[in-house]
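Data first, discussion second: the structure below is written as structure tokens.
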Amino acid sequence: MPLHQCSKVFQVSHSVSSSSAPYRLNDAQARNISGLESVLLLRRKKEIKGIEIKRSAPRRTADALRRHAADAVKSLFPDRRKDLPFSLNVFGMGFDLSQMEQADLIHLHWIGGRTLDFSRLGRIRRPLVHTLHDLFACTAGCHCPLECTGFHEGCRGKCPQLGTPRLFPGLPAWLFDRKKKAFGSIRSLTLVTPSRWLRQQVEKSCMFPGRRIVQIYNPVDTEIFHPAEDRQAKRKQMGINPEAFVIACGATGLFNPVKGGRFIPLILDELHRRGHRNIHLILFGSQEKSPNFPYACTSMGFITDARELAALYSTADIFLNPSLQDVLPNVALESISCKTPSVTFRTGGIPEVVLDGLTGLIADQGDVRAMANHCERLMLDRKLLHSLAEEGRKHAERVFSYSVIAERHAKLYEETLREFHARKTENN
């Protein structure tokens, strides 16, 4: 084995599902990178193959007290937005340092909330790679800042998500400073962003001065997410009119404010107003409300089976994605891999997947008329629809496939480990 080759890496995250980015990266490396053992190290393992983060008995007691303290702190913010996640990272969970150091390199993923105690990250005597799946690492605690740019200057001033506190108005800035100090204590930290858009956002933050930032996309399993051989068979099984134009919409929380689900009825109403009647809607994911649609609708609920999800994408003619903030959503990757073009808002990293006019069509955020225009265009222009579908599949295979993304991460691990040991040698 070459000197300092990375032979074992821990993928550290909260509990994951088979559709989550950490799971897919771990799976991609296991299937494509020989000589590298990639292991999921999780706060909650559940049914996923991996191991759980170890904690001592005293630390478990301390963590329980911290959890109650975090809940008490939240009560000081009665006006906080409850429809957006805000993690009080200062109350993180402990971990066993010796367990962490059983790997050559630690790859952090979803560590917000109570997954890890940030103040202890600097004690890990291994190089750390941290993939930022949202903006949590760059803020006082919010995951989706939306229009707020306070994290550029350290979250000073009033936080639009926490609202006006009863006490401690400077809490966001204190949380930001504490997190910055914790990240600053890490000797070797490389940041990975799954989109160019997120990299730009991270660079605007003052959280990581001087740190290396690498852009590597999340992977999609193109062997599972592939176009069905017979789309009509699935439509027939679902009772969908074979002549209908099928529009799919889906997200973990379809109608939460970040996913923009409120725009879906508006877009469909506009299409109905224009006289389009033969449309069938397929919904999947958690639905916090049940709006009235002017079209036939099949609601599939939350789907955990990847092959069933791939079949749904293949059933649809297009995928409608009105998301208002997203780094690199799985639905965008999965749909193009299944030759289902997206009609989407210009949001976050989505235009890096949905190449406007090549693999899908893009409208400015909130422009319902433009989204309806795009849907109508694809209903009438089957040649364009076919072209977008074909190019989307090629884009998925070329840029986001398991083999491509696994190789890029393996190369990053080797570079990071070599630099880590070179610095250790210089300091000795």
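Quick caveat, the model's predicted, so the values are computed rather than measured.
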What's the spacing between [X] [atom1] and [Y] [atom2] if we round to 0.5 Å?
| X | Y | atom1 | atom2 | value |
| --- | --- | --- | --- | --- |
| Leu191 | Arg199 | CG | CZ | 9.5 Å |
| Ile318 | Thr344 | CD1 | OG1 | 11.0 Å |
| Asp104 | Arg126 | CG | CZ | 7.0 Å |
| Glu52 | Gln99 | CD | CD | 9.5 Å |
| Leu41 | Leu116 | CG | CG | 8.0 Å |
| Thr416 | Ile106 | OG1 | CD1 | 12.5 Å |

Please confirm whether the ring centroid of [X] lies under 6.0 Å from the ring centroid of [Y].
| X | Y | result |
| --- | --- | --- |
| Tyr295 | His280 | no |
| His107 | His409 | yes |
| Phe118 | Phe183 | yes |
| His276 | Phe245 | no |

Is it the case that the side chain of [X] and the backbone of [Y] share a donor-acceptor pair, with hydrogens and angles ignored and the cut-off at 3.5 Å?
| X | Y | result |
| --- | --- | --- |
| Lys259 | Leu324 | no |
| Asp221 | Glu223 | yes |
| Asn218 | Asn330 | no |
| Asp356 | Ile362 | yes |
| Arg277 | His272 | yes |
| Asp269 | Pro294 | no |
| Thr340 | Tyr313 | yes |
| Gln201 | Leu135 | no |
| Arg212 | Val192 | no |

Are Asp27 and Arg31 close enough, and set up right, to give a salt bridge (charged side-chain N to carboxylate O under 4.0 Å, His left out), and what steps lead you there? CA-CA 6 Å; Asp27 188 32; Arg31 288 160 54 179; 2.9 Å; yes
Could you walk me through whether Thr347 and Gln365 pass the side-chain hydrogen bond (donor to acceptor under 3.5 Å, both in side chains) check? CA-CA 7 Å; Thr347 295; Gln365 277 198 5; 2.8 Å; yes
Salt-bridge criterion met for [X] and [Y] (N-O under 4.0 Å):
| X | Y | value |
| --- | --- | --- |
| Glu391 | Lys394 | yes |
| Asp83 | Arg81 | yes |
| Arg369 | Glu376 | no |
| Glu270 | Arg274 | yes |
| Asp230 | Lys236 | no |
| Asp317 | Arg235 | yes |

[atom1] of [X]: more than 12 outside heavy atoms within 6.0 angstrom?
| X | atom1 | result |
| --- | --- | --- |
| Arg307 | CZ | no |
| Lys82 | NZ | yes |
| Lys8 | NZ | yes |

Is NZ or CZ of Arg55 both nearer than 6.0 Å to the six-membered ring centre of Phe95 and within 45° of the ring axis? no
Within 45° cone and under 6.0 Å: Lys179 NZ/CZ vs Phe136 ring: yes
Between Gln29 and Glu37, is a side-chain hydrogen bond (donor to acceptor under 3.5 Å, both in side chains) present by the stated rule, with each step listed? CA-CA 8 Å; Gln29 291 176 331; Glu37 182 185 4; over 6 Å; no
Will you find, in the side chains of [X] and [Y], an N or O donor that is under 3.5 Å from an N or O acceptor?
| X | Y | value |
| --- | --- | --- |
| Ser87 | His143 | yes |
| Tyr23 | Gln11 | no |
| Ser38 | Asn26 | yes |

Flag side-chain contact, heavy atom, 4.5 Å: [X] against [Y]:
| X | Y | result |
| --- | --- | --- |
| Thr131 | Leu108 | no |
| Ile247 | Ile279 | yes |
| Arg211 | Ile186 | yes |
| Ser314 | Lys339 | no |
| Arg156 | Asp177 | yes |
| Met300 | Met238 | yes |
| Leu320 | Cys375 | yes |
| Arg24 | Tyr402 | yes |

One pair to check against side-chain hydrogen bond (donor to acceptor under 3.5 Å, both in side chains): His152 and Ser205. What are the steps and the verdict? CA-CA 4 Å; His152 295 179; Ser205 171; over 6 Å; no
Let's go through Gln325 and Asp134 carefully: what are the C-alpha distance in whole Å and the side-chain angles of both, what is the deciding distance for side chain to side chain contact (heavy atoms under 4.5 Å, CB included) to 0.1 Å, and is it a yes or a no? CA-CA 9 Å; Gln325 187 164 97; Asp134 56 23; over 6 Å; no
Test side-chain contact (heavy atoms from CB on, under 4.5 Å) applied to Leu266 - qualifying residues, sequence neighbours left out: Phe263, Val368
Residue set satisfying side chain to side chain donor-acceptor pair (under 3.5 Å) with Gln161, at least two apart, ordered chain then number -> none
Describe, in one word, how the ring planes of Phe284 and Phe319 are oriented to each other, choosing from parallel (under 30°), tilted (30 to 60°) and perpendicular (over 60°). tilted
Report the C-alpha separation of Thr315 and Arg231 in whole Å, then their side-chain angles, then the decisive distance to 0.1 Å, and conclude whether the side-chain hydrogen bond (donor to acceptor under 3.5 Å, both in side chains) test is met. CA-CA 5 Å; Thr315 302; Arg231 290 180 181 238; over 6 Å; no
